[in-house]
A.B. asks: 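Handing you this structure, nothing more for now.
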Amino acid sequence: ADGDDNLLADGMPRFYDTAATGRPKTVGLEQCAAFRAATSDRRRAGPAGLFNTGTNFLASLIDGNCQMPRECNQYGESTLRPDEKRTINLMHEHMYPDVARADPGTDCVPSLFQVPWGKHNPHMWRDDHRNPAMSADVVERIWGAAGRGEILPVVVVKDPLTWMHSMCRTMYNANFPRNELAQCCPHPVTATPTSVMWLPGEMNITHHATLPHLWSEWYAQYFDSPRARLMVRYEDLLFRTQDTVAEICACVGGTMTEEFDRVDRAIKWGAGHGGAGLQGSGRVDALRKFASEEKRYELYTARDLDHARAAVDRRLVDAFDYGFSSSSRGVSRDAECAPDKAAYLAEQGLQEKYIDGKGLRLLPLDDESDGIIVRGLFFRNVGNPNAHPNMERAMYKAENPRLFPLKHQRGKASAPVSAEQ
C-alpha cells in the first residue's frame, strides 16, 4: 500500500515528479509571449485532450479562475437578453450557460468548452471545422477574421497507464476488445487493437496497433506542432491545481481571481457521460486514486509494461515524467489475470445472447426490460418483443430504475463520474 512517504509536500506522488521540482510539467510556455503579441484581447484558451483525460475539469478550472478581457455574462441564462441568447445558440446547445456565453451588446467573447476542431479530435484537423458546434461561421462571427488564431489549444495529457484503466471503464468513440478482456482490462495490452471514429463516416476513422499506440500517436501530433499550444498534465491539474491554472491564465493574457475554485465536484454533462447533471465522486476521490502507485500498476504484467514502454513515444514520457518499466513494478501483481466475460457482464447487469436475424448482442439480464444504462451507454433489449418502441421512453425508464424496477438491475443506471474523466 502507498503511504505519505510516497508523496511530496504538496501531495504530488513522487513517481510523477522524480526530480522533486515542485512545479507543473507544462509544455509550450516558451510560446506564450509570441501568442499574446500576435492576438487581440479576444483571445481564449480552448481545452483539448483524448477521451478520459479531464478536459471538462480543465474547462471548469479556467472558466472559474481566469478572468479575461471582454468576459461574457457570468450569471446564467436567466439573466440574458434575447440578443444574448441568440448568440449563445451559435455555440453547442449543451454548453451554455456555464461554459459558452456570448453578449453581442457588450462585444463579449465566450469561454470555450473545446477547440473549434473538436477537443478529442486529432491535431491534424486543426485547420478544419469538423465540430458542428464550432463551425467556421460561428468562429468568424465571434472572433472575426482572425478566427482560430485567437484560440490557444490547452491539451490535457494523462499518464498512459491510468488512462488505459479509464478507457476500460468508458471507451467513448474508441473501439477495442474491451468485453473480451472483461475484469482484466487492459491486460493483455497486446490484445487491444484500437480504432477510433472521431466523427461519423469511414473517412473519420483511425486505426492503432494497441491502446498505448493511440495515446502516443495522438499526443505526438500536438507535441511536434510548431504552432502555439500548451500541454498540461492531468496530474498537475489534480495535485498542483492553482499553479497549473495560473500558468495557463498568464499564457492567454488573463488575470487570476482572488479566490481560487478547485472544482471539487464532478463536472461531466449528458447521458453519454454517465447521466445528466453534476454527479459522481469528484476531485477528492480522484486525488486518493491517483496518488496510489499500486492503483497505477494494477492488472499490468511485466509483458504489458514492456509493450507499453515500447509503444509510447519516449519524448512524451520524459517531458511529462511518466516513466515506468517492468523492473519498477514491485507493487503490481505477478499473476496474470484470467478474464471471465460472463461474470463481468453480469456484474454490469448484462448478458450476451444470440438473437435471430441480429446475431450475438449484449442485452439486459432482465429479459422483460426495455433496456439498461451501463457506464453511460444505453443497451436496448432487442430480444424483448414487448420493449417500448420509443427509444427516449426506454432510456427514461432505464435512467429511473426506482420508478420502473427491473428484476436484475445490477448495473447502475448512471455510473458515478469523477473529475478524472
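This is a predicted model, so every value here is computed, not measured.
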A.B. asks: Are there over 12 heavy-atom neighbours, none belonging to Glu30, within less than 6.0 Å of that residue's CD?
C.D. replies: yes
A.B. asks: Between the side chains of Lys353 and Asn381, is a donor N or O closer than 3.5 angstrom to an acceptor N or O?
C.D. replies: no
A.B. asks: Give a yes or no on whether a salt bridge exists between Glu150 and Arg44, defined as a side-chain N under 4.0 angstrom from a carboxylate O.
C.D. replies: no
A.B. asks: When rounded to the nearest 0.5 angstrom, what is the spacing between OH in Tyr322 and CD in Glu235?
C.D. replies: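 Those atoms lie 3.5 Å apart.
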A.B. asks: Any side-chain heavy atom of Leu152 sitting closer than 4.5 Å to one from Cys251?
C.D. replies: yes
A.B. asks: Distance from Tyr16 atom OH to Arg233 atom CZ, nearest 0.5 Å?
C.D. replies: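 CZ of Arg233 is found 8.0 Å from OH of Tyr16.
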A.B. asks: Is there a side-chain contact (heavy atoms from CB on, under 4.5 Å) between Arg296 and Asp159? Walk through the geometry before answering.
C.D. replies: CA-CA 9 Å; Arg296 185 189 187 209; Asp159 177 359; 2.5 Å; yes
A.B. asks: Would a distance-only check, ignoring hydrogens and angles, find a side-chain to backbone donor-acceptor pair under 3.5 Å from Glu71 to Met68?
C.D. replies: yes
A.B. asks: Where do Leu112 and Lys119 land on the side-chain contact (heavy atoms from CB on, under 4.5 Å) test, with the steps shown first?
C.D. replies: CA-CA 10 Å; Leu112 286 185; Lys119 63 181 181 178; over 6 Å; no
A.B. asks: Salt bridge check: are Asp17 and Lys25 linked by an N-O gap of less than 4.0 Å?
C.D. replies: yes
A.B. asks: Could you tell me which non-hydrogen atom of Val312 sits nearest to which non-hydrogen atom of Trp215, and how far apart they are?
C.D. replies: CG1-CE3, 3.9 Å
A.B. asks: Salt bridge or not between Arg262 and Asp264? Use side-chain N to carboxylate O under 4.0 Å.
C.D. replies: no
A.B. asks: With sequence neighbours excluded, what pairs up with Phe239 under the ring pair (Phe, Tyr, Trp, His ring centres under 6.0 Å) test?
C.D. replies: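 Result, ring pair (Phe, Tyr, Trp, His ring centres under 6.0 Å) vs Phe239: none returned.
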A.B. asks: Should Arg229 and Val27 count as side-chain neighbours, where that means a heavy-atom distance under 4.5 Å?
C.D. replies: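 Result yes, sub-4.5 Å side-chain heavy-atom pair found.
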A.B. asks: Within this structure, what is the CZ-NZ distance for the pair Arg178 and Lys341, rounded to the nearest 0.5 Å?
C.D. replies: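 So the CZ of Arg178 and the NZ of Lys341 are separated by 11.0 Å.
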A.B. asks: Drop me the distance from Leu238's CG to Lys158's NZ, to the nearest 0.5 angstrom.
C.D. replies: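 Atom-to-atom, Leu238:CG and Lys158:NZ are 8.5 Å apart.
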A.B. asks: Give me each pair satisfying salt bridge (charged side-chain N to carboxylate O under 4.0 Å, His left out) with a member in residues 316-325, each pair once, sequence neighbours excluded.
C.D. replies: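 Every pair satisfying salt bridge (charged side-chain N to carboxylate O under 4.0 Å, His left out) with a residue in residues 316-325: Arg314-Asp318.
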A.B. asks: Decide side-chain contact (heavy atoms from CB on, under 4.5 Å) for Val157 and Leu316; before the verdict, give the C-alpha distance in whole Å, the side-chain angles of both, and the deciding distance to 0.1 Å.
C.D. replies: CA-CA 9 Å; Val157 187; Leu316 297 172; over 6 Å; no
A.B. asks: Does a side-chain heavy-atom distance below 4.5 Å link Thr55 with Gln114?
C.D. replies: no
A.B. asks: Using every non-hydrogen atom in the two residues, find where Ala291 and Leu7 come nearest and quote the distance to one decimal.
C.D. replies: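 Taking every non-hydrogen atom into account, CB-CD2, 4.0 Å.
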A.B. asks: Is there a donor-acceptor contact under 3.5 Å linking the side chains of Asp63 and Ser60?
C.D. replies: no
A.B. asks: For the residue pair Gln242 / Asn65, report whether a side-chain donor-acceptor contact shorter than 3.5 Å exists.
C.D. replies: no
A.B. asks: For Thr210 and His213, test the side chains for any donor-to-acceptor distance below 3.5 angstrom and give the result as yes or no.
C.D. replies: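 Yes - a donor-acceptor pair under 3.5 Å links their side chains.
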A.B. asks: Distance-only criterion, 3.5 Å: show the donor-acceptor pairs between side-chain atoms of residues 188-196 and protein atoms not counting sequence neighbours.
C.D. replies:
unit_1, atom_1, unit_2, atom_2, d
Thr192, OG1, Val189, O, 2.6
Thr192, OG1, Leu211, N, 3.1
Thr194, OG1, Thr192, O, 2.7

A.B. asks: Measure from the side-chain N and O atoms of Asp313 to the backbone N and O of Ser216, and report whether any donor-acceptor pair falls under 3.5 Å.
C.D. replies: no
A.B. asks: Judged by atom type as modelled, is there a donor-acceptor pair below 3.5 Å linking the side chain of Arg309 to the main-chain atoms of Gly323?
C.D. replies: no
A.B. asks: State, to 0.1 Å, how close Leu29 and Leu230 come at their nearest heavy-atom pair, and which atoms those are.
C.D. replies: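 Smallest interatomic distance, heavy atoms only, reads N-CD2, 3.7 Å.
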A.B. asks: Does a side chain donor of either Asn52 or Ser166 reach within less than 3.5 Å of an acceptor in the other side chain?
C.D. replies: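 Looking only at side-chain atoms, Ser166 and Asn52 do not form any donor-acceptor pair under 3.5 Å.
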A.B. asks: Report the residues that fulfil ring pair (Phe, Tyr, Trp, His ring centres under 6.0 Å) with Phe35, sequence neighbours left out, ordered by chain and then residue number.
C.D. replies: none
A.B. asks: Kindly write out the residues that satisfy ring pair (Phe, Tyr, Trp, His ring centres under 6.0 Å) with His208, not counting sequence neighbours, or none if the list is empty.
C.D. replies: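 Scan of His208 (ring pair (Phe, Tyr, Trp, His ring centres under 6.0 Å), adjacent residues dropped) gives none.
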A.B. asks: Enter the distance from Glu298:CD to Cys184:SG here, rounded to the nearest 0.5 Å.
C.D. replies: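 The distance works out to 11.0 Å.
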A.B. asks: Before we go on, tell me: are the rings of Tyr300 and His307 under 6.0 Å apart, centre to centre?
C.D. replies: no
A.B. asks: Can you find a heavy atom in the side chain of Arg14 that is under 4.5 Å from one in the side chain of Leu8?
C.D. replies: yes
A.B. asks: Ring centroids only, cut at 6.0 angstrom: are Phe290 and Tyr234 within range, meaning strictly under it?
C.D. replies: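 For Phe290 and Tyr234, the ring centres are under 6.0 Å apart.
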A.B. asks: Can a donor-acceptor pair be found, under 3.5 Å and without considering hydrogens, that links the side chain of Trp163 to the backbone of Pro212?
C.D. replies: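 Not at all, since once roles are kept as given, no pair shorter than 3.5 Å links the two residues.
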A.B. asks: Check whether any side-chain N or O of Thr170 sits under 3.5 Å from a backbone N or O of Tyr172 as a donor-acceptor pair, and report yes or no.
C.D. replies: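 A pair under 3.5 Å: no.
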A.B. asks: Closer than 3.5 angstrom, by distance alone: can the side chain of Gln221 be matched with the main-chain N or O of His123 as a donor-acceptor pair?
C.D. replies: yes
A.B. asks: Centroid separation under 6.0 Å, is that true for the rings of Phe51 and Trp198?
C.D. replies: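 Yes.
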A.B. asks: Out of curiosity, Glu352 CD to Arg361 CZ, how far, rounded to the nearest 0.5 Å?
C.D. replies: 11.0 Å
A.B. asks: I'd like to check the side-chain contact (heavy atoms from CB on, under 4.5 Å) partners of Met197; sequence neighbours left out, ordered by chain and number.
C.D. replies: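 Checked Met197 against side-chain contact (heavy atoms from CB on, under 4.5 Å); matches are Ile205.
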A.B. asks: Is there side-chain contact between Gln351 and Leu345, with heavy atoms separated by less than 4.5 Å?
C.D. replies: no
A.B. asks: Closest approach of Ala246 and Met256, non-hydrogen atoms and distance?
C.D. replies: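 Heavy atoms only, the tightest pair is CA-SD, 3.8 Å.
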A.B. asks: What's the verdict on side-chain contact (heavy atoms from CB on, under 4.5 Å) for Met164 and Asp304, showing C-alpha distance, side-chain angles and the deciding distance?
C.D. replies: CA-CA 11 Å; Met164 285 191 280; Asp304 290 329; over 6 Å; no
A.B. asks: Could you tell me whether the side chain of Leu58 reaches within less than 4.5 Å of the side chain of Ile248, counting heavy atoms only?
C.D. replies: yes
A.B. asks: Mind checking whether Thr206 and Met124 have side chains closer than 4.5 Å, heavy atoms only?
C.D. replies: yes
A.B. asks: Which heavy atom in Tyr222 sits nearest to a heavy atom in Pro153, and how many Å separate them?
C.D. replies: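 Looking at all heavy atoms of both residues, the closest pair is CE2-CB, 4.1 Å.
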A.B. asks: Thinking salt bridges, do Arg23 and Glu247 make one under a 4.0 Å N-O criterion?
C.D. replies: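 Yes, charged N to carboxylate O under 4.0 Å.
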A.B. asks: Would you say that Tyr297 contacts Leu161 through its side chain, given a criterion of any heavy-atom pair below 4.5 Å between the two side chains?
C.D. replies: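 The answer is yes, as the side chains (C-beta and beyond) meet within the 4.5 Å cut-off.
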A.B. asks: Compare every heavy atom of Gln31 with every heavy atom of Ser225, then report the nearest pair and how far apart it is.
C.D. replies: O-NE2, 4.3 Å
